[in-house]
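Please read these numbers as outputs of a predicted model, since none were measured by experiment. Below, all heavy atoms of this structure are taken into account, side chains as well, without hydrogens, waters or symmetry copies.
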Amino acid sequence: MERPIRSALTFFGQKYELILLLVLFIQLPIILLQFFASNYILAATPTFGALFSIADVYNAYMVFVLFLFALVPFAYFWHFEAIGKEKPLRLTFFQFALKGFHFFLFAAAAGALITIGFGLFILPGILLLAIFSMAPIIAVMENQSVWSSLKESTRIFKAQHWKIVLLIAVFGFAEMIGAYVLQLMVMGITTSFLAIVVCHVFLNTIFLPLFYLILASFTAKWKEELSLLTIENDSFLVSK
């Protein structure tokens with residue numbers, strides 16, 4: 001796939017109404033669930049004066065789990081549109097309902113490893129996030145188990161590691177800066193905590209779907225390049 005970023009932006013603009021339905025019925029409930037669960041844990045968990053409390057670790061874990069889990073429906077919709085399936089949105093909801101628990105188990109396990117990686121030296125967490133975030137997309141594209149997709153995801157990461165890390169870092173910093181600027185604008189009008197939360201949720205409903213689509217487009221491109229390279233190497237070995 002040529003020009004993945006332009007392709008993803010075009011797709012996002014053309015299919016925004018349908019993407020908005022995925023946001024309203026899947027992503028938004030997930031974000032709200034994470035928000036209420038995080039606030040409950042923060043209120044119920046003592047800090048003991050530590051730099052990072054149990055609540056902080058739990059919140060980080062939930063963010064990674066729900067990040068990987070919320071990726072799945074957008075990957076399905078993007079894939080069904082790419083291969084020309086009829087009624088792709090309906091198929092997306094059906095496949096997500098059918099296989100969602102399978103992807104959730106993967107997200108729960110991967111989220112634990114990513115959280116441990118960030119807690120130790122940060123860099124291992126970033127590398128694990130880069131590897132795990134592509135596995136659900138490959139599983140959707142190949143219609144296979146997400147666990148089976150880890151091998152190919154790792155192969156792509158070995159070939160494109162710095163690009164993947166850079167992509168995640170750019171969007172991560174862009175989201176942080178956007179959230180900070182938006183929060184300052186809102187606080188200039190009102191100090192209502194609810195208003196700030198609503199603005200953060202709104203920002204995530206734009207940033208995350210767009211990031212998912214860009215990541216899916218890049219994954220498809222890197223997967224195709226890796227397949228071509230493998231075919232060329234096999235042909236070379238046969239010719240020898």
Side-chain angles (χ1 to χ4, degrees), residues 1-31 64-107 110 129-157 159-160 163-164 167-168 171 204-231:
M1 178 180 292
E2 297 296 329
R3 299 180 177 179
I5 295 179
R6 178 179 294 184
S7 175
L9 290 173
T10 301
F11 183 86
F12 185 81
Q14 292 177 347
K15 304 295 180 180
Y16 181 73
E17 293 83 359
L18 299 179
I19 292 173
L20 186 59
L21 292 177
L22 293 177
V23 170
L24 292 176
F25 289 105
I26 297 179
Q27 185 190 12
L28 186 58
I30 290 175
I31 292 176
F64 294 131
V65 170
L66 298 180
F67 170 83
L68 294 173
F69 184 57
L71 181 154
V72 176
F74 296 97
Y76 267 119
F77 181 64
W78 168 84
H79 175 64
F80 288 145
E81 282 283 355
I83 63 178
K85 285 283 188 178
E86 294 185 3
K87 300 179 178 178
L89 187 64
R90 180 181 297 181
L91 283 174
T92 296
F93 280 111
F94 175 75
Q95 288 295 325
F96 185 68
L98 184 66
K99 300 180 180 179
F101 185 68
H102 170 77
F103 283 103
F104 179 77
L105 291 179
F106 168 80
L129 178 61
I131 294 172
F132 288 134
S133 61
M134 291 185 293
I137 299 172
I138 296 172
V140 168
M141 294 173 63
E142 297 294 335
N143 192 27
Q144 64 184 16
S145 167
V146 66
W147 305 100
S148 302
S149 304
L150 276 175
K151 182 177 180 181
E152 186 167 8
S153 178
T154 303
R155 291 175 61 204
I156 293 175
F157 175 78
Q160 308 287 348
K163 294 181 182 178
I164 303 170
L167 179 65
I168 293 174
F171 265 83
N204 281 326
T205 58
I206 296 177
F207 260 91
L208 286 180
L210 186 57
F211 174 74
Y212 292 151
L213 294 174
I214 291 176
L215 180 62
S217 299
F218 269 109
T219 301
K221 179 178 183 292
W222 293 328
K223 185 176 181 299
E224 182 180 356
E225 291 176 352
L226 187 63
S227 298
L228 292 174
L229 180 61
T230 301
I231 293 173

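Residues satisfying the side-chain contact (heavy atoms from CB on, under 4.5 Å) criterion with L208, sequence neighbours excluded, are Q27, F67, N204, Y212.
Side-chain contact between T92 and I26: absent, with no pair of heavy atoms (C-beta onward) separated by less than 4.5 Å. Counting heavy atoms from C-beta on, the side chains of F25 and F93 come closer than 4.5 Å. Side-chain contact check for P209 versus V23: some heavy-atom pair is nearer than 4.5 Å. The closest side-chain heavy-atom distance from P4 to I214 is not below 4.5 Å. Contact annotation: the side chain of E142 approaches that of K223 to within less than 4.5 Å [non-hydrogen atoms, C-beta and beyond]. The shortest distance between side-chain heavy atoms of F218 and I137 does not fall below 4.5 Å. A 4.5 Å side-chain heavy-atom check between V140 and V146 finds every atom pair outside the cut-off.
Counted within 6.0 Å of NZ on K99, heavy atoms from surrounding residues, nucleotides or ligands total more than 12; the atom is thus considered enclosed. By the 6.0 Å contact criterion, CZ on F12 is enclosed, its count of non-hydrogen atoms from other residues, nucleotides or ligands being greater than 12.
The distance from the NE2 atom of H79 to the CD atom of Q95 is 9.5 Å, given to the nearest 0.5 Å. Annotation: the span from E152 atom CD to M141 atom CE amounts to 8.0 Å, rounded to 0.5 Å. Summarising the geometry, atom CG belonging to L129 is positioned 6.5 Å from atom CG belonging to L68; distances are rounded to the nearest 0.5 Å. The distance from the CD1 atom of I19 to the CD1 atom of I206 is 11.5 Å, given to the nearest 0.5 Å.
Applying the salt bridge (charged side-chain N to carboxylate O under 4.0 Å, His left out) test to every pair with at least one member in residues 10-24, sequence neighbours left out, gives these pairs: K15-E81.
You'll find the ring centres of F96 and F74 outside the 6.0 Å limit. Taking the six-membered ring for Trp and the full ring otherwise, the centers of F211 and F207 sit at least 6.0 Å from each other.
A distance-only check finds no donor-acceptor pair linking the side chain of S7 to the backbone of R3 [under 3.5 Å]. With hydrogens and angles disregarded, a donor-acceptor distance shorter than 3.5 Å links the side chain of S153 to the backbone of I131. Counting only distance, with no hydrogens or angles, the side chain of H102 and the backbone of S145 share no donor-acceptor pair below 3.5 Å.
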Take W222 and I164 through the side-chain contact (heavy atoms from CB on, under 4.5 Å) test and state the conclusion after the steps. CA-CA 10 Å; W222 293 328; I164 303 170; 3.3 Å; yes

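Residues L71 and S133 come closest through the heavy atom pair CD1-O, 3.6 Å.
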